[in-house]
Amino acid sequence: MSEKETKNLLEVSHLKQYFPVSQGLHKVPLKAVDDISFAIRPGETLGLVGESGCGKTTVGRTLLRLYEPTAGKITFDGEVLFDSGEQYDENDKLIVDATGRPIYGKKVNKDMLPYRKEMQMVFQDPYSSLNPRMTVEDIIGEPLDVHKLYSSKAERRDKILSLMELVGLNAEHAMRYAHEFSGGQRQRIGIARALAVDPKFIVCDEAVSALDVSIQAQVVNMFEELQEKLGVAYLFIAHDLLVVHHISDRIAVMYLGRMMEIADADELNNNPMHPYTLSLLSAVPIPDPETARKSSRIVLEGDVPSPLHMPSGCPFRTRCKYATEQCAMEMPQLKDRGNGHFVACHNK
Amino acid sequence: MSEESKYLLEVNDLNTSFFTDAGEVKAVNGISFKLEPGKTLGIVGESGSGKSVSAYSIMQILAETGRVTGGEVKFRGENILNYSEKQMQKFRGEKISIIFQDPMTSLNPVFTVGYQLEEAVLLHTNKTKEEAKKRAIEMLTLVGVNEPESRVKQYPHELSGGMRQRVMIAMALCCEPDVLIADEPTTALDVTIQAQILELMQDLQKKLGMAIIMVTHDLGVIASMCDEIMVMYGGRVCERGTADDIFYRPAHEYTKGLLRSIPRHDNMNEKLVPIGGTPINLLNMPEGCAFCPRCDAAMKICLTEKPDEIQIGDGHTAACWMNIKEAFEAQEV
Ligand SMILES: Nc1ncnc2c1ncn2[C@@H]1O[C@H](COP(=O)(O)OP(=O)(O)OP(=O)(O)O)[C@@H](O)[C@H]1O
Ligand SMILES: Nc1ncnc2c1ncn2[C@@H]1O[C@H](COP(=O)(O)OP(=O)(O)O)[C@@H](O)[C@H]1O
Ligand code: SF4
Ligand code: SF4
Ligand SMILES: [Mg+2]
Ligand SMILES: [Mg+2]
């Protein structure tokens with residue numbers, strides 16, 4: 001474990017993010033993220049997929065501590081940033097006392113400001129995530145100001161111009177306002193801003209989803225080139241599974257706040273094991289008529305259940321054709337099926 | 001029925017412009033197509049290429065500043081562009097229906113789902129209130145909404161996105177139109193729900209025999225749904241053909257670029273090839289081929305002459321000079 005810790009850039013274990021919501025007179029917890037664990041290596045891209053509302057954005061925001069985690073442990077670059085103190089044995093079972101309460105270890109809650117520099121986020125909507133009344137120079141310069149990353153006005157300007165060049169924006173764009181740019185250009189501004197502080201890790205939340213395919217290809221390429229150049233790691237959240245497959249080294253599949261499967265990107269696509277992953281992949285319309293004629297969709301019945309009425313046991317069981325009695329009683333744990341392919345299912 | 005009855009819908013040289021303070025925005029510049037009953041026509045192209053405006057022109061639901069400036073839209077041989085607004089009101093929904101990306105553009109938030117469905121039925125048929133109620137429940141059942149008897153009492157905001165999309169489809173189909181225009185019907189939905197809706201549309205097409213015009217930017221949806229595909233750029237048709245023509249024998253440089261720019265199973269480990277340059281400015285259209293400023297293969301003639309649609313194969317055309325050998329050779333002297 002300790003050797004692994006030095007290898008991973010980011011480690012997340014037993015992370016929970018509950019939101020209190022009103023139901024009648026009571027507050028009940030909405031379990032947006034419920035006990036998930038994963039790791040990201042330096043310079044790696046981990047894709048995160050799943051239906052709307054399954055908790056992808058919440059994972060990203062919790063990692064950057066835009067939310068205070070409900071429980072779990074987050075380790076970044078060998079440093080524990082957050083630990084709610086629950087302890088787990090070697091079988092990943094919570095360690096409890098005689099009355100069933102967790103036995104807490106050391107709690108950690110580090111001030112995030114020094115780490116904000118290392119961990120950045122790029123958002124979905126290039127139209128609303130940038131302040132339209134700020135110039136490009138000010139948008140990219142803001143994080144430089146916050147973290148005091150220059151010693152003179154000239155240095156600030158130089159940094160901004162080289163960031164603009166890095167993401168393929170012209171220097172003459174510097175004094176123009178965000179609203180004067182196209183979707184693809186705005187996404188570049190947002191990325192230049194994220195890169196300004198030289199982060200090791202960026203959460204890309206639907207960062208290419210709103211873009212036209214040809215612009216999308218430009219931005220995907222740019223993400224890939226920046227990674228080759230700067231060694232930055234990405235958590236790449238998107239609902240387009242083909243784009244995620246293209247950009248990711250590994251892919252994680254979420255359903256109702258839980259992790260269902262994690263594997264190498266090609267392995268997950270060639271050999272999906274979890275029934276949910278299978279139906280998700282089969283639902284993707286393939287841009288190839290021959291394949292489209294041959295393949296049949298596994299159409300999932302109904303919608304995702306509300307996270308306020310989470311099924312007992314496996315959250316997918318209400319839509320799963322392999323469900324058995326055990327599935328209603330026990331939440332399956334993520335288990336290694338070899339080659340780093342993890343699956344949480346009793347029957348597959 | 002007259003001799004042209006083979007086609008339900010014929011669009012000939014349609015032109016639509018918006019008259020704005022900045023000038024005339026030529027959104028659609030002479031598109032034509034024919035649609036047979038029971039068939040699906042796909043319209044694909046980048047944002048701003050004129051897909052929606054073409055659809056809205058047919059339905060005559062353009063914004064205030066928009067106007068069809070030329071061409072004809074024939075439904076069963078009759079040019080509906082000559083219809084009065086009163087005639088169109090009856091025509092819409094009964095003969096041709098449209099569904100939108102955002103269901104809330106067709107659903108009214110202050111009325112129940114049942115009320116809205118009943119109103120649509122009452123507007124277009126001689127059914128009584130009781131019969132309309134029955135029809136509403138029938139339609140919801142048809143589109144796979146569970147517990148339709150209680151759903152009719154709900155308001156749109158009480159339903160999930162996929163459910164609202166189904167209600168909108170139910171509303172569009174309750175009078176059994178001959179043509180359904182679907183403008184990005186699944187873009188806002190998850191792939192799983194998208195699969196349900198596409199499956200539903202194909203099912204209903206088989207049952208009711210209607211023709212579908214599928215507007216989308218998703219080449220995956222196009223490949224799996226359409227009998228014929230029309231690729232648009234700058235308000236013009238650059239290529240048309242079957243899915244196999246477009247995907248395996250593309251003959252227009254824009255279509256080729258589009259196919260290179262998307263991730264597919266066979267290019268997962270290669271770099272995507274984006275289409276360079278910036279999207280077209282309709283206020284300032286190039287004189288020759290609209291795609292010329294972004295085309296790597298552009299020749300001299302492309303700068304000055306608009307290419308016409310050139311026959312490539314049976315039902316396969318492309319408006320690209322590359323396909324004319326003479327033009328190509330003329331450049332080499
Ligand atoms: N601040 C909040 N308060 C209450 N509930 C929330 C909050 N943020 C998210 N949720 C709920 O948490 C769940 C997960 O939301 P999240 O935004 O992470 O989904 P997502 O996977 O990113 O979906 P999408 O693809 O639609 O963006 C949803 O049920 C959502 O309604
Ligand atoms: N109300 C309007 N006023 C001015 N221009 C418009 C209006 N509606 C659409 N346009 C322009 O018409 C062109 C085609 O738009 P549209 O058909 O909506 O594209 P899409 O193919 O994405 O559906 C775009 O350049 C758009 O800006
Ligand atoms: S655990 Fe059971 S219900 Fe869950 S995915 Fe596996 S078989 Fe289906
Ligand atoms: S006509 Fe010329 S500019 Fe237009 S797509 Fe063909 S080669 Fe390119
Ligand atoms: Mg999200
Ligand atoms: Mg549109």
Side-chain angles (χ1 to χ4, degrees), chain A residues 49-54 181-185 209-222 224-225 239-248 255 265-266 269-270 276 279-293 295-304 306 319, chain B residues 44-49 144 146 159-163 186 188-196 198-200 216-226 229 242-248 254 257-279 294:
Chain A
V49 301
E51 280 161 292
S52 170
C54 73
F181 291 93
S182 70
Q185 286 171 321
S209 307
L211 305 175
D212 251 332
V213 283
S214 62
I215 314 289
Q216 184 171 300
Q218 294 173 15
V219 178
V220 165
N221 283 355
M222 190 186 59
E224 290 176 348
E225 280 154 20
H239 65 263
D240 184 328
L241 282 98
L242 288 167
V243 171
V244 171
H245 183 187
H246 192 275
I247 202 168
S248 304
Y255 187 79
D266 288 333
N269 277 276
N270 300 335
Y276 178 60
S279 36
L280 200 59
L281 290 175
S282 85
V284 179
I286 302 299
D288 178 74
E290 191 68 37
T291 318
R293 277 192 288 269
S295 58
S296 59
R297 306 183 188 114
I298 307 172
V299 175
L300 279 179
E301 301 274 321
D303 293 323
V304 184
S306 152
R319 298 164 91 191
Chain B
V44 68
E46 66 183 22
S47 172
S49 59
N146 54 4
L159 308 176
S160 71
M163 198 91 83
T186 55
L189 303 174
D190 277 310
V191 282
T192 48
I193 310 299
Q194 167 171 286
Q196 292 175 358
L198 295 181
E199 198 91 352
L200 169 70
T216 176
H217 66 269
D218 187 328
L219 287 159
V221 171
I222 285 281
S224 59
M225 290 280 292
C226 303
I229 295 164
T242 61
D244 285 17
D245 290 335
I246 300 295
F247 283 86
Y248 302 138
Y254 173 65
L258 204 57
L259 291 170
R260 280 193 296 261
S261 70
I262 55 166
R264 311 186 325 159
H265 281 147
D266 55 4
N267 69 358
M268 279 305 165
N269 300 314
E270 294 160 30
K271 274 247 142 66
L272 301 175
V273 185
I275 298 174
T278 48
R294 303 172 74 183

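Order of the sequence lines fixes the chain letters, A, B, ..., with proteins taken first and strands second; residue numbering starts at 1 for each chain. Remember, predicted model here, so these are calculated numbers, not experimental data.
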Rounded at 0.5 Å granularity, tell me how far CD in E51(A) sits from CG in L189(B). 11.0 Å
Can you tell which part of D288(A) gets under 4.5 Å to a heavy atom of chain B, answering side chain, backbone, both or neither? both
Work out which heavy atom in A283(A) is nearest to a heavy atom in A195(B); give both atom names and the distance. CB-CB, 3.9 Å
Looking only at heavy atoms, the pair that brings P263(B) and P287(A) closest together is O-CG, 4.2 Å
Region of D240(A) in contact with chain B, defined by heavy-atom distances below 4.5 Å: neither
Part of Q194(B) within contact of chain A (heavy atom distance under 4.5 Å): side chain
Reported CE-to-CG distance for the pair M268(B) and L242(A), which is rounded to 0.5 angstrom: 5.0 Å
Closest non-hydrogen atom pair between P285(A) and V221(B), with its separation: CB-N, 3.6 Å
Apply the test side chain to side chain contact (heavy atoms under 4.5 Å, CB included) to residues T192(B) and V304(A): give CA-CA distance (whole Å), side-chain angles for both, the deciding distance (0.1 Å), then the verdict. CA-CA 10 Å; T192(B) 48; V304(A) 184; over 6 Å; no
Among P289(A), A265(A), A217(A), the residue with the most heavy-atom pairs under 4.5 Å to chain B is P289(A)
Taking side chain as C-beta onward, heavy atoms only, is H246(A) less than 4.5 Å from L272(B)? yes
Chain A contact via I275(B) - side chain, backbone, both or neither, heavy atoms under 4.5 Å: both
Keeping the roles fixed (side chain from Q216(A), backbone from P274(B)), state whether a donor-acceptor pair exists under 3.5 Å. no
Heavy-atom proximity to chain B below 4.5 Å, by part of V220(A): side chain
Need one label for L241(A): side chain, backbone, both or neither, based on atoms under 4.5 Å from any heavy atom in chain B. side chain
Spatial distance of atom CD (E290(A)) from atom CG (D244(B)) [nearest 0.5 Å]: 7.0 Å
If every non-hydrogen atom of I286(A) is compared with every non-hydrogen atom of A223(B), which pair is closest and at what distance? O-CB, 3.6 Å
